[in-house]
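Residue numbers begin at 1 in each chain, while the letters A, B, ... track the order of the sequences.
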Amino acid sequence: MDAAKPNKVGEGDEKGPASRHFIQHIIDADRESGLHDGRVHTRFPPEPNGFLHIGHAKAIAVNFGLAEEYKGVVNLRFDDTNPVKEETKYVNAIRRDIEWLGFEWNGGEHYTSDHFETLFEYAVKLIEQDKAYVDEQKAEDIASQKGTPTTAGSSSPFRDRPVSDNLRLFREMREGLHGEGSMVLRAKIDMAHSNMHMRDPLMYRIKFAHHHRTGDAWCIYPMYDFAHGQSDSIEGITHSLCSLEFENHRPLYDWYIQQLGIFPSKQREFARLNLNFTIMSKRKLLRLVEEGVVDGWDDPRMPTISGLRRRGYSAESIREFCDRVGVAKRNNVIDVSLLEFALRNHLNASAMRAMAVLRPVKVVVTNYPDGQLEWLPTENNPEDSSSGTRQLPFGREIFIESDDFKVEGVNKKWFRLAPGRSVRLKSAYIITYVDHMEDTDGNVTEIHVEYHPNSKSGSDTSGIKAKGTLHWVECQHAVDAEVRLYDRLFLDENPDGHKDKDFMDFVNPKSLEVLKNCKLEPSLTEAKVGQPWQFTRLGYFTLDSKLTQNDELVFNRAVTLKDGWKG
RNA sequence: UGCCCCAUGGUGUAAUGGUAACACACCGGUUUUUGGUACCGUUUUUCCAGGUUCGAGUCCUGGUGGGGCAACCA
């Protein structure tokens, strides 16, 4: 095993046992005690009100990873208890993203709405036990009676309504006999409880809204707390893993299950993923979409799964990233460089190399015969000996990167082309500067060089030592393309963390740069959507899935190569 | 002035009362027909104060600091 790589969950290496996180310790203890015969059944419960982002990827990886480790299964359950926010298009996007990440869920999809009838029966049961009551107060009154974290709440005047009245009213609520906001069903727990969630929490509210799956069958909908844990229980979920913010909900989660006497799913909480220079709130990501800052949920600058995919991130790299960030209870902010590392790490080993010149300047090889052309072999991926080679056309006129030539400020650290300098053209010849032309603004328009015929790659007998190696594309065979370069969407490390400023204030106005006049080697016309490429010396790129037309290639840069040049 | 959770290098995460480690980042070096990769190395860690113990990052007490909790949202 490669010692540089982290141990796969549950495995050890020659250095000792793999490190294990606290949820694994909990599950180990549960299995030790024989809980549920050692069965592990988790769930991933997205609300279909937005696209999945990299933070969800962590939750997905934790739930599916644990299930895999313990030979259990995972339910995909769309948590659809609020019809006014949820839409089928989000269900479809979420399903596609999880599949793309490479995870398989257990036996079809689940929906909280599948359990609406059972949930209703559970509610009736609690009413019959005098553990729930119909409250006819206004929302503001209920809120004010809740008290504050430091002062006890007070009871609703409807708290001691007879069971029979509660039963009748709750059924009338379901039948649509009462208007929205006129009444709610509440659990009867303790209005003075130190945990606000235990102060007679709402269980059901009336909404005459069309539900994306149940249509108009219901006009009452359960609240999260009275739906999530019960759905876990109905589905036989053993370990219900959620984020830290639900820690205070746990006593309520347990209370409902205990009162109902149903399967005892257990909730455990871990810290959600945060990334610097980005935001992870679905509400705020939606604002970027709605206000046109980005071109949709799948804009390559978005931290969404679909955005990362379109940008050129591989599913493997996202999974590796999720493995590397760990699982713990402390609030964390992961450096985006770790995400980029995971991508480079995967793509360096797997991506095909290609030559592309983003900001071309023409080079004329003055001693190369006019009209002559030769095809030179070059490796597809030096990290993968099985990837083979391909042929590159070379001729009298080529393009190189304008950044690779400069006249002013040339010192001994400059390895590239300059007056008096020689450089290697990757997989071709060594060339030596002869002359260059400039326009009236001083921009270099053309460079003249001479090549050394005996310096051909693989059979170099020239003895010339060239420090630098440049990528290049032969003019006649060059394919035009558009290339889009992305920078971070926010200029602030924590755009969401300023009390006095809106995160929108930190949007990077230069997060997208569109290059129109890029020159690609001809083999790139074979590129497919979803296929990663390393453009030699530049970074990792992929075809844009939305903007690419048949004869108009558009590439996105996912990430640059690490740049070790200190200038 | 309440309840809950958390505190290990710059950022994350391990260490199950017994030598504080791994990754990313950073900095330096070797190799290199990608200033990439690979390899080597430097710097940098247990919030504070008590207590228990032969021994505490770990257990206990008290502080300090951070996060969460008062939607007919999830």
Side-chain angles (χ1 to χ4, degrees), chain A residues 3-7 15-16 18-21 25 28 45-47 49 79-82 84-86 135 138-139 142-144 146-153 180-181 183-186 193-199 202-207 221 223-225 227-228 242 244-251 269 271 276 282-283 324-335 337-342 344-345 348-349 353 355 378-379 382-383 413-416 423-428 430 455 457-458 460 466-471 534-539 560-567:
Chain A
K5 288 183 176 164
N7 300 322
K15 286 174 159 179
S19 70
R20 298 172 64 68
H21 59 70
H25 291 304
D28 289 343
E47 182 187 13
N49 68 341
D79 209 354
D80 54 353
T81 59
N82 188 357
V84 303
K85 283 188 175 179
E86 294 143 10
D135 196 339
K138 289 201 289 265
I142 291 176
S144 66
K146 285 238 168 172
T148 72
T150 53
T151 59
E180 267 183 40
M183 53 183 69
V184 293
L185 185 70
R186 297 177 73 180
H193 203 287
S194 61
N195 183 330
M196 298 292 289
H197 296 290
M198 300 297 274
R199 321 243 261 229
L202 271 63
M203 294 167 61
Y204 270 91
R205 77 286 214 193
I206 298 169
K207 276 183 194 282
Y221 293 92
M223 301 289 290
Y224 168 85
D225 285 308
H228 200 99
C242 61
L244 254 27
E245 58 194 295
F246 292 102
E247 234 160 0
N248 288 336
H249 294 243
R250 208 207 299 195
E269 311 82 14
N276 59 4
K282 272 198 274 186
R283 256 184 74 94
R324 285 174 181 269
V325 297
V327 179
K329 295 193 75 164
R330 55 172 161 157
N331 299 313
N332 60 79
V333 181
I334 308 291
D335 201 311
S337 66
L338 188 62
L339 216 209
E340 296 178 344
F341 166 80
R344 291 189 184 109
N345 200 29
N348 176 53
R353 271 57 169 171
M355 300 274 221
T378 187
E379 63 275 349
E383 303 297 315
K413 286 186 167 178
W414 180 259
F415 298 165
R416 288 118 93 150
V423 295
R424 159 73 63 183
L425 293 176
K426 170 76 179 167
S427 297
I430 291 174
S455 67
S457 285
D460 182 359
K467 268 236 154 185
T469 301
L470 307 186
H471 59 281
Q534 183 195 106
F535 288 177
T536 301
R537 298 211 301 141
L538 297 176
T560 61
L561 252 30
K562 213 169 146 189
D563 188 2
W565 186 45
K566 300 298 184 291

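Without hydrogens or angle criteria, A:R353 side chain to A:T378 main chain gives no donor-acceptor distance under 3.5 Å. With hydrogens and angles ignored, the 3.5 Å screen pairs a side-chain donor or acceptor of A:R199 with a backbone N or O of A:H193. Although no hydrogens or angles enter the test, the distance criterion places a donor-acceptor pair under 3.5 Å between the side chain of A:R205 and the main chain of A:Y221.
Nucleic acid contact for A:K562: sugar-phosphate only, since backbone atoms but no base atoms lie under 4.0 Å from a heavy atom of the residue. Residue contacts shown for A:G153 are absent, as no nucleic acid heavy atom lies under 4.0 Å away. A:V325 comes within 4.0 angstrom of sugar-phosphate atoms only, judged by non-hydrogen atoms across all strands, and of no base. Using a 4.0 Å heavy-atom criterion, one finds that A:Y224 contacts the bases of the nucleic acid, with or without backbone contacts as well. Contact annotation for A:N248: base contact, defined as any heavy-atom pair under 4.0 Å involving a base atom. Nucleic acid contact class of A:E180 (heavy atoms, under 4.0 Å, all strands): none. Backbone-only contact: A:E247 has heavy atoms under 4.0 Å from sugar-phosphate atoms and none from a base. Residue contacts shown for A:N348 include a base, since a base heavy atom lies under 4.0 Å away.
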Annotated structure of RNA chain B as dot-bracket, pair cut-off 3.5 Å, Watson-Crick or G-U only, | for inter-strand, is .((((((..((((....[..))))..((((.......)))).....(((((..]....))))))))))).....
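A straight line from CG of A:N332 to P of B:G9 spans 14 Å, rounded to a whole angstrom. Between the NE2 atom of A:H471 and the C1' atom of B:U33 there is a distance of 14 Å, given to the nearest Å. With rounding to whole Å, A:M203 atom CE is found 15 Å from B:C73 atom P. Between A:H21 atom NE2 and B:A14 atom C1' there is a gap of 12 Å when expressed in whole angstrom units.
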Test A:T81 against A:E47 for side chain to side chain contact (heavy atoms under 4.5 Å, CB included), laying out the working first. CA-CA 8 Å; A:T81 59; A:E47 182 187 13; over 6 Å; no
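Ring-plane geometry between A:Y224 and A:H249 is classed as perpendicular, the angle between the planes exceeding 60 degrees on a 0 to 90 degree scale with a lower cut at 30.
A distance of 5.5 Å separates CG in A:D79 from NE2 in A:H228, rounded to the nearest 0.5 Å. Atoms OG1 and CG, on A:T536 and A:L561 in that order, are 8.5 Å from each other to the nearest 0.5 Å.
Rounded to a whole angstrom, the distance from the P atom of B:A7 to that of B:C59 is 10 Å. Distance noted for atom P between B:U11 and B:C26: 15 Å (whole Å). For the C1' atom pair drawn from B:C69 and B:A74, the interatomic distance equals 15 Å after rounding to whole Å. Comparing B:A14 with B:U33, their P atoms are spaced 42 Å from each other, to the whole Å. Nucleotides B:C22 and B:A15, compared at atom C1', are 11 Å apart to the nearest Å. Comparing the P positions of B:C48 and B:G57 gives an interatomic distance of 11 Å, to the nearest angstrom. Nucleotides B:C47 and B:G12 place their P atoms 14 Å apart, quoted to the nearest Å. Taking atom C1' in both B:G63 and B:G28, the straight-line distance is 43 Å, to the nearest Å.
Contact annotation: side chain of A:R416 to base of B:G35, donor-acceptor pair present below 3.5 Å. Contact annotation: side chain of A:R537 to base of B:U34, donor-acceptor pair absent below 3.5 Å. A donor-acceptor contact under 3.5 Å is formed by the side chain of A:R353 with the base of B:U34. Side-chain atoms of A:E383 and base atoms of B:G36 include a donor and an acceptor less than 3.5 Å apart.
Listed pair A:K467 / B:U34 fails the phosphate criterion, with no side-chain N or O lying under 4.0 Å from OP1 or OP2. Between A:T81 and B:A74, a side-chain N or O to OP1/OP2 separation shorter than 4.0 Å is present. For the pair A:R205 and B:C73, the criterion of a side-chain N or O lying under 4.0 Å from OP1 or OP2 is met. Within the 4.0 Å cut-off from OP1 or OP2 of B:A14, not a single side-chain nitrogen or oxygen of A:H25 is found.
Comparing A:A328 and A:K138 against RNA chain B, the residue whose closest nucleotide sits nearer the 5' end is A:A328. Between A:L338 and A:L538, the residue whose closest nucleotide on RNA chain B is further toward the 5' end is A:L338.
Comparing B:U16, B:A70, B:U34 by their nearest atom to the side chain of A:T469 picks out B:U34. Proximity note for A:D563 (side chain, C-beta onward) versus B:U13, B:G35, B:C24: the nearest is B:G35.
A search for side chain to side chain donor-acceptor pair (under 3.5 Å) contacts involving A:T560 returns nothing, not counting sequence neighbours. Shown here are the salt bridge (Lys or Arg N to Asp or Glu O under 4.0 Å) partners of A:K329, two or more places apart in sequence or in another chain: A:E247.
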